[in-house]
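Here's the structure we're looking at; comments come further down.
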Amino acid sequence: MAVGSIQITGTGQLIELSRRLHAAGGPRLKQNFARRIRRAAEPLRTDMQQTIRSLPISAEPRRAGSRGGPSPTSRPLRATIAEAVRLSVRTSGNPGARVWVDRAALPSDLKNMPWVLNSSNGRVRHPVFGNKKRWVNQWTTPLWWDKTVRAHQPRMRAEVERVLTDVRRQIT
């Protein structure tokens with residue numbers, strides 16, 4: 001599973017339901033459907049944002065005599081990525097909810113960082129303050145995105161099934 005996008009769909013059921021909603025011409029019914037699907041996915045988005053904000057990132061200990069100091073940037077890495085986590089809902093075409101990282105909302109030097117942080121080894125290798133002659137490793141919890149998604153899937157599937165049943169009942 002890749003960082004950036006998780007889609008909860010019951011494709012066949014959702015597509016058929018979307019067609020019937022369109023045929024029934026019920027915009028109120030369609031809005032209700034979209035609102036409930038969004039509500040089912042919002043806890044996942046919130047948990048994704050909380051997980052990235054609290055993701056531990058540790059560095060290797062400094063060598064004797066090495067200098068240190070505050071970061072030259074005031075931009076907090078984890079908060080910046082958390083703010084880029086988005087939720088979108090579609091009721092037509094390929095209906096469902098999608099939680100994803102909006103790369104356009106990230107600064108250019110952080111566009112790949114969510115995928116780097118989610119890598120299977122948990123290693124973030126980067127130059128020290130942009131100095132390409134000196135590199136360091138930092139470590140984080142590997143596959144944090146995947147673990148968070150897996151924890152929410154049963155609840156979301158049950159909620160989407162409940163929404164489908166309710167809307168199906170209203171159509172028929």
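Residue indices begin at 1 and follow the sequence shown.
Atom CG of Leu117 sits about 12.5 Å away from atom OG1 of Thr51, to the nearest 0.5 Å. Between the CG atom in Leu87 and the CD atom in Gln49 there is a gap of 9.5 Å [rounded to 0.5 Å]. With rounding to the nearest 0.5 Å, the separation of CD1 in Ile81 from CG in Asp102 is 13.0 Å. Atom CD in Glu161 sits 11.0 Å away from atom CZ in Arg157 (nearest 0.5 Å).
Nearest heavy atoms, Met156 versus Ala40: CG-O, 3.6 Å. What you find for Ala41 and Val99 is that their closest heavy atoms are O-CG2, 4.3 Å. The two residues Pro142 and Asn121 come nearest to each other via the heavy atoms CB-C, 4.2 Å. Counting all heavy atoms, side chain and backbone alike, Asn32 lies closest to Arg35 at OD1-NH2, 2.7 Å. In terms of heavy-atom proximity, His152 sits nearest to Pro43 at CE1-O, 3.7 Å. Of all heavy-atom pairs spanning Val149 and Leu44, the tightest one is CA-CD1, 4.1 Å.
Although no hydrogens or angles enter the test, the distance criterion places no donor-acceptor pair under 3.5 Å between the side chain of Arg86 and the main chain of Arg98. With Asn118 contributing its side chain and Trp144 its backbone, the two residues share a donor-acceptor pair below 3.5 Å. In this structure, the side chain of Lys111 engages the main chain of Leu106 through a donor-acceptor pair within 3.5 Å. Of the possible donor and acceptor atoms, one in the side chain of Arg78 sits under 3.5 Å from a partner among the backbone N and O of Leu55.
Taking 4.5 Å as the limit, some side-chain heavy atom of Asn112 sits within range of a side-chain heavy atom of Arg103. Using a 4.5 Å cut-off on side-chain heavy atoms (C-beta onward), Arg36 and Asp166 make contact. A heavy-atom distance below 4.5 Å is found between the side chains of Val124 and Met113. With a 4.5 Å cut-off on side-chain heavy atoms, Leu77 and Ile57 count as touching. Looking at Trp145 and Pro114, their side chains never come closer than 4.5 Å, going by heavy atoms from C-beta outward.
Glu42 and Arg39 are not joined by a salt bridge, as no carboxylate oxygen comes within less than 4.0 angstrom of a charged side-chain nitrogen.
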Practice problem: Using the side-chain contact (heavy atoms from CB on, under 4.5 Å) rule, take His126 and Val116 through it: C-alpha gap first, then chi angles, then the decisive distance, then the call. | Solution: CA-CA 11 Å; His126 63 90; Val116 171; over 6 Å; no

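No chain of hydrophobic side-chain contacts below 4.5 Å, direct or via other Ile, Leu, Val, Met, Phe, Trp or Tyr residues, connects Trp139 to Ile52.
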